[in-house]
Amino acid sequence: MHGLNPQQQAAVRHVDTPLLVLAGAGSGKTRVIVEKIVHLIEAKGTPANGIWAVTFTNKAAREMGERIAQRLPADRRRGLNISTFHTLGLKLIRRETAAFGLRPGFTVLDAEDSLNLIKSLLAQNEAAAGLLEPKEAQRQISAWKNDLLTPSRAATAAADEVEAAIASLYHDYDRQLTACNALDFDDLIKRPVELLRDDSDARERWQRRVRYLLVDEYQDTNTSQYELVRLLVGPLARLTAVGDDHQSIYAWRGARPENLSHLARDFPRLATIKLEQNYRSVNTVLTAANQLIANDPTTQPKRLWSAVGPGEAHRVLVCDTADDEAERIATDILHRHFKDQTPYRHVAILFRGNHQARLLEQQLRKLSIPYQLTGGQSFFERAEVKDAMAYLRLMSNPSDDAALLRIINTPRRGIGPTTLERLGLIARERRTHLAEAARSISAEQRLDPRVHHQLLQFLDWLDAARLDINARPAAEAMRTLLEEIDYAAYLRDQENSSKAAERRWTNLQDWLEWTERIGIDNDSGEALSLTELVQKMSLLGILEQKTRDQDDDAVRLLTLHAAKGLEFPHVYLSGMEEDLLPHQDCQEDDRLAEERRLCFVGITRAQKSLTFTLTKRRRRYGQWRDVRPSRFLEEIDADLLRWEGIGVQKSEEEHRATAAEAMSTIRAMLDNAGKP
DNA sequence: TAGTGTTAGATTTTT
DNA sequence: TCTAACACTA
């Protein structure tokens, strides 16, 4: 308990009634959760396996686990459940598989697979295909699932023709998932909720198992996640929810920040503790943040303060164009690096949209400043990795159509779109999955005999491979499999340069190593079954595992969303312009408030210095447009901001001066060092 | 199946 | 204006 402030201590000790901790940015909320778990085990004698902590990302779960590992010896923390919502749902489904109408080895489809399934369903239904955009349909189905709406209720509630069509697609989609022994991400929450709601035996069983539940980032929960929380804690309500309404920035994808206030309604004995002392930032940063967020009508007042230090006014760099903006940020960072010996990893550049990263990258590269871009397409989404995953999934679940479709002709086996279309039709008629349909009489009758033969051969080969993979370690068997299909040759065939093929092959080797590494249970140290391995992989972005060297000294480029939860000594908030932040599509009240909170999140990432940048003109969809500074800058006291470069000439001069100064510093450094 | 033409869309994104 | 996904043609 040492080193905790009185509010933090109260939050840790409070275990008898449900508790909401409203934890401001940088107020040590993870610390509170960690200490509370330690307290529950050490002081309250709660068995570790009765404690469940839930986060939103794998990264957050991993970090929490690591911090607990520093506080408790292995034998005292064994059995502790720290996971994401989705992993928790998966665990529950795995223990109750039959109740869900699933067979062991069921697959969890990712967003891409689910979209492909939707596309193939639409391809079979001309009327719906003309009316619907696959992405839009996917979004709507996901939204319905997050709101716990069944297909039939969605059909009843449908407001127009389009929604009605999506509801009907939703029905087919779920039926097809069942035929494939598969679930999508949203099902991992929705289905457990349905079970716990409808089956009192299962409910009581799980409520006994969950002795204490802690939920992080509570403001990001959606309806189904909140329902899961309620059902798991039951009437005893041994629950700690930690969140910050000021950092609610995910309403656009279904988060319900009002779940924070719903807690008081649903748990009358709820106690609330506010954490307002910030341990991260200097006071000028917090003052700006407080002033900005005071304009948010939708959230509870909370005033951050800190004892870190006074801090300086924030610079606002007014630049001519986006190129100019990127150049000035880059020069400024270089300057900081050489003049103040600021390590590059202490600097982050934040922006609203990913496209803004491109120019920044160019300029950083020009000045040879190392940078690390978070976001973009992950390693996990690479085609070769997804192909290998698909083979592995088919080993675990022979009815995984999404996986089969992905690799049936990769590498080439002469099984083209026409065959697959006919096969899909047969599968739909027989209400089954593709592999079974292929072995039916109608397939024999309706498919080209040569291709049909080819198809059966391939399925037999898969069966044989399945026997092999169950007999030895998965990674090892996968190596053999990739050799048998000569995937390396396929890659060489696909790529123009042998270098590109080489790189993709290396990615696969990395993936195989990763497969070996995660194939062991963190808790028991035992090897996972193939099914467990595949399911674990589906929920872990490989990107997170492949954390590049922590001490890699590079400037971080992040979207404002991706920056939540992180902190940096020096932060550049770029594109502080109307229509960019707040984004042009977010002028309506609720969305505008969320944009403001996004800006708040950006500001509160800064520990020591904060620099806003904006341009005077920006090219938008090919047109040059004059730009107005973001209204959020006006919501911060003028004394806290130091504008630079408002006049054109002055800006150019200043810019040159800064660049010249930076260059001469570099030269001096190089002279001193005697080598680059 | 590769190569070319056409068209929409251009915020944020985890699991 | 630029890109990427798609549909169409050779």
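Predicted, not measured: the structure shown is a model, and the values here were computed from it. Each chain gets a letter, A, B and so on, in the order its sequence line appears, and its residues count up from 1.
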- Using atom CZ of F351(A) as one end and atom P of dT11(B) as the other, report the distance to the nearest whole Å. 14 Å
- Item | Candidates dT12(B), dT11(B), dT15(B) - which lies nearest the side chain of N354(A) | dT12(B)
- Side chain D147(A), main chain L149(A), donor-acceptor under 3.5 Å: no
- Item | 5' precedence on DNA chain B between H86(A) and H355(A) (nearest-nucleotide basis) | H355(A)
- Could you work out which one of dT13(B), dT15(B), dT11(B) sits closest to the side chain of W252(A)? dT13(B)
- Task: May I have the distance from R358(A) (atom CZ) to dA4(C) (atom C1'), rounded to whole angstrom?
- Result: 14 Å
- For the side chain of R412(A), counting heavy atoms from C-beta on, which of dT15(B), dT12(B), dA2(B) is nearest? dA2(B)
- Can you tell me how far C1' of dT13(B) sits from CZ of R352(A), to the nearest Å? 11 Å
- Query: Residues two or more places apart in sequence or in another chain: which of them pass ring-ring contact (aromatic ring centres under 6.0 Å, His included) with Y487(A)?
  - Reply: Y490(A)
- Query: Would you say the side chains of S142(A) and D186(A) form a donor-acceptor pair under 3.5 Å?
  - Reply: yes
- Task: Return yes if some donor-acceptor pair links the side-chain N/O of N397(A) with the main-chain N/O of C180(A) below 3.5 Å, else return no.
- Result: yes
- Taken to the nearest whole Å, OH/Y490(A) to P/dT1(B) is 10 Å
- Expressed in angstrom and rounded to an integer, what is the separation of L580(A) atom CG from dT12(B) atom P? 10 Å
- N81(A) side chain vs A53(A) backbone, donor-acceptor pair below 3.5 Å: no
- Query: Taking the nucleotide of DNA chain B with the closest heavy atom to each, which residue, Y250(A) or E133(A), is nearer the 5' end?
  - Reply: E133(A)
- Please state how far atom CG in N409(A) lies from atom C1' in dT1(B), giving the value in whole angstrom units. 11 Å
- Message: Taking any heavy-atom pair under 4.0 Å as a contact, classify F56(A): base, sugar-phosphate, or nothing.
- Response: sugar-phosphate
- At under 4.0 Å, does any side-chain N or O of T559(A) touch on OP1 or OP2 of dT13(B)? yes
- Query: When rounded to the nearest Å, what value does the distance between P atoms of dC2(C) and dT13(B) take?
  - Reply: 24 Å
- Task: For N222(A) and dT13(B), give me the distance from atom CG to atom P, rounded to whole Å.
- Result: 18 Å
- Message: Once you measure the plane-to-plane angle for Y218(A) and Y226(A), does it fall in the parallel (<30°), tilted (30-60°) or perpendicular (>60°) bin?
- Response: perpendicular
- Item | Among dT11(B), dT12(B), dT15(B), the one nearest Q584(A) by side-chain distance | dT11(B)
- Item | hbond_proxy R253(A) side chain to dT15(B) base (donor-acceptor, 3.5 Å cutoff) | no
- Task: Could you tell me the separation between the CG atom of D110(A) and the P atom of dT13(B), rounded to a whole number of Å?
- Result: 17 Å
- Message: Between the side chains of E577(A) and R620(A), is the shortest nitrogen-to-carboxylate-oxygen separation below 4.0 Å, so that they form an ion pair?
- Response: no
- Nearest-angstrom distance, P atom, dT12(B) to dA5(C): 15 Å
- Message: Counting the benzene-type ring for Trp, do W252(A) and H561(A) have ring centres under 6.0 Å apart?
- Response: yes
- Tell me which residues in residues 594-602 of chain A put a heavy atom below 4.0 Å from DNA chain B, sorted by number, or none. none
- Under 4.0 Å between a side-chain N or O of N58(A) and OP1 or OP2 of dT14(B)? no
- Message: Heavy atoms only, 4.0 Å cut-off, all strands: where does K119(A) land among base, sugar-phosphate and nothing?
- Response: sugar-phosphate
